[in-house]
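Residue numbers run from 1 in the order of the sequence given. We count ligands from 1, going down the list as the structure has it; atoms in each ligand are counted the same way.
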Amino acid sequence: MSTRTSQRVAVIGGDGIGPEVTAEALKVVAAAGVQLETTDFELGAAHYLASGDVLPDATLEELRGFDAILLGAVGPPVGSTEVPNGLLERGLLLRLRFELDLYVNLRPFTGTPGAPAPDCDFVVIRENTEGTYAGEGGFLRKGTPYEVATQGSVNTRMGVERCLRFAFELAAGRPRQQLTLVHKTNVLTFAGDLWQRAAKDVAAEYPGVRLDYNHVDAACIYLVEQPGRYDVIVTDNLFGDILTDLAGAIAGGIGFAASANLNPARTGPSLFEPVHGAAHDIAGTGTANPLAAIRSAALMLDHLGHAEAAERVFKAISIYLAEHPAGEPFPSTVAVGDAIVERL
Ligand code: IPM
Ligand code: MN
């Protein structure tokens, strides 16, 4: 069944393998029967080097008018010095997260056969607009022997609470109804205290959800040794960044990890992207794994109201992975996309 919609998706293929994996993701979306109106945007390292632009205000305003954004990956080759450090991260990726109020970064992890944690099935809810990413801080006496650099962690009650509420809501809808707050309350006694109090308060609204707490260092051990203990994890921006790379590694590899940067209030588009980067070393070789991008596109379908099509994509990926465990020789980017289409 084909559903023609007037939903408009902005596609930022980006750099390196980004355009290759988004092409497969869009192929699968079309094959799942959802016809979206797509518009390509040239943004990223190559675009910056060609134009000097990172994210012009007019482009940001244009993006606000779309129903969703699908992003491949942006960034220069590792070791390249042409693009200043942090320029694309702060000026493009974080700017989009902050300006579009994408306050939830949802990262689901479903174990891949053959992976260290083949049976894991959990979701990390990473706060996406605050913490150490907020940009608070600066230098004093830079370049002198007495220089000082500070980088504070910004935690607002409102920002923390809305992220927690999203996580509780998600946990309440899952069979295990279990939520783990991950922080470092024994050392970060201000931020951690706010998170913990807010979590206790919101928990009162969700009596069916069991709320647990782990320190982030212990959570790293548990993720490796007993990943099955997790159902939904909620954590701050930086802990979530680090934990989701670890989670990706245990669940099959970063090539499988998808993410949804959500504006749950729907005051603008949400953004969907694989967790991996531009991987210039394999760009153009046809060997990039498109499954993280395809999964991200499925998260986008779900967000856009095509839950049934999204479910079919996730199922097709599971069927494919049962036949092709992690670590086995990988056919090619396009062949994997085709294989998912055949299994829809
Ligand atoms: C991620 C990435 C980004 C982050 C970088 C590229 C800004 O690592 O999406 O996890 O730190 O959030
Ligand atoms: Mn990261």
Checklist entry - Going by an N to O cut-off under 4.0 Å, is there a salt bridge joining Arg165 and Glu161? => result yes

Item to check | For the Mn ion (ligand 2), the closest N/O/S atom belonging to Asp241 | outcome: OD1

Checklist entry - Going from CG on Leu71 to CZ on Phe41, what distance comes out if it is rounded to the nearest 0.5 angstrom? => result 12.0 Å

Checklist entry - Can you pull the residues with any heavy atom under 4.0 Å from ligand 1? => result Glu89, Leu93, Arg97, Arg107, Arg126, Tyr133, Asp241

Item to check | Within-4.5 Å side-chain heavy-atom neighbours: Arg176 and Arg210 | outcome: no

Item to check | Step-by-step side-chain contact (heavy atoms from CB on, under 4.5 Å) determination, Tyr230 to Asp212 | outcome: CA-CA 10 Å; Tyr230 292 120; Asp212 295 321; over 6 Å; no

Item to check | Pairwise side-chain hydrogen bond (donor to acceptor under 3.5 Å, both in side chains) hits with a residue in residues 326-340, at least two apart | outcome: Lys27-Asp338

Checklist outcome for this item: When Tyr213, Phe190, Phe239 are each screened for ring pair (Phe, Tyr, Trp, His ring centres under 6.0 Å) with His183, the one that passes is Phe239

